[in-house]
Amino acid sequence: QVQLVESGGGLVLAGGSLRLSCAASGRTFSSYSMGWFRQAPGKEREFVATIRWSGGSTYYAEFVKGRFTISRGNAKNTVYLQMNSLKPEDTAVYYCAAGWSTWYPLPPRQANEYDYWGQGTQVTVSS
């Protein structure tokens with residue numbers, strides 16, 4: 001059974017940093033993409049970043065470029081999202097997702113391109 005477990009969320013002041021972790025288990029994810037999405041109250045779930053497990057290619061939403069970094073951990077099947085220069089508008093539940101999708105012609109950025117989801121972790125940025 002595939003499981004994705006996020007951790008690392010919390011309350012932080014604007015301008016601060018948090019690092020989210022996603023531990024994946026239940027299968028080999030070497031040919032998968034691992035993504036982060038977020039959902040704020042009253043809004044639709046939106047794409048944040050994705051990484052291709054094989055090769056390490058990354059892709060980011062415009063609104064996080066230069067502030068967030070997605071990476072693979074040394075531990076097997078672990079993905080991180082380093083979030084710096086956080087803003088109040090980054091407040092949301094952040095979800096980890098895994099999926100087998102082509103990166104051609106574009107990286108997987110839609111929720112329906114991912115097959116497995118974590119339960120989410122709350123990130124709150126206060127001003």
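The structure presented is a predicted model; accordingly, all values stated were derived computationally and were not measured.
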Query raised in the report: Going from OH on Tyr80 to CE on Met34, what distance comes out if it is rounded to the nearest 0.5 angstrom?
Result: 11.5 Å

Requested in this report: Kindly state each residue pair satisfying salt bridge (charged side-chain N to carboxylate O under 4.0 Å, His left out) with at least one member in residues 109-127, sequence neighbours excluded.
Outcome: none

Query - Point-to-point distance, once rounded to the nearest 0.5 Å, from OG1 of Thr121 to CG of Leu81 - result: 11.0 Å

Query raised in the report: Residues in salt bridge (charged side-chain N to carboxylate O under 4.0 Å, His left out) with Arg27, at least two apart?
Result: none

**Report entry** For Asn84, side-chain hydrogen bond (donor to acceptor under 3.5 Å, both in side chains) partners two or more places apart
**Finding:** Ser17, Gln82

Query raised in the report: Donor-acceptor pair, Gln1 side chain versus Gly26 backbone, under 3.5 Å?
Result: no

Report summary line: d(Tyr59 OH, Ile70 CD1) to nearest 0.5 Å is 13.0 Å

**Report entry** Connected-component partners of Tyr104 among ILVMFWY, side-chain separation under 4.5 Å
**Finding:** none

Requested in this report: List, by chain and number, the other hydrophobic cluster members for Leu13, where Ile, Leu, Val, Met, Phe, Trp and Tyr join if side-chain heavy atoms come within less than 4.5 Å, directly or indirectly.
Outcome: none

Report task. Not counting sequence neighbours, which residues clear ring pair (Phe, Tyr, Trp, His ring centres under 6.0 Å) with Tyr114? List them please. Result -> Phe37

**Report entry** Nearest-0.5 Å distance that lies between atom CH2 in Trp36 and atom CD1 in Ile51
**Finding:** 12.0 Å

Requested in this report: Quick one: list whatever passes side-chain hydrogen bond (donor to acceptor under 3.5 Å, both in side chains) with Tyr95, sequence neighbours left out.
Outcome: none

Requested in this report: Would you give the length of the straight line joining atom CG of Leu20 to atom CZ of Phe68, rounded to the nearest 0.5 angstrom?
Outcome: 8.0 Å

**Report entry** Residues which pass side-chain hydrogen bond (donor to acceptor under 3.5 Å, both in side chains) with Lys43, listed by chain and number, not counting sequence neighbours
**Finding:** none

Report task. Any disulfide (SG to SG under 2.5 Å) involving residues 31-66? Give me the pairs, sequence neighbours left out, ordered by first then second residue. Result -> none

Query raised in the report: Listed by chain and number, what are the side-chain hydrogen bond (donor to acceptor under 3.5 Å, both in side chains) partners of Gln122, not counting sequence neighbours?
Result: Thr124

Query raised in the report: Under 3.5 Å, side chain of Arg52 to main-chain N/O of Ser57, donor-acceptor pair present?
Result: no

Query raised in the report: Judged by atom type as modelled, is there a donor-acceptor pair below 3.5 Å linking the side chain of Arg72 to the main-chain atoms of Trp53?
Result: yes

Report summary line: Sequence neighbours excluded, the answer for salt bridge (charged side-chain N to carboxylate O under 4.0 Å, His left out) partners of Glu44 is none

Query raised in the report: Roughly how far, to the nearest 0.5 Å, is the OG atom of Ser54 from the OH atom of Tyr32?
Result: 14.0 Å

Query raised in the report: Residues two or more places apart in sequence or in another chain: which of them pass salt bridge (charged side-chain N to carboxylate O under 4.0 Å, His left out) with Glu46?
Result: Arg38

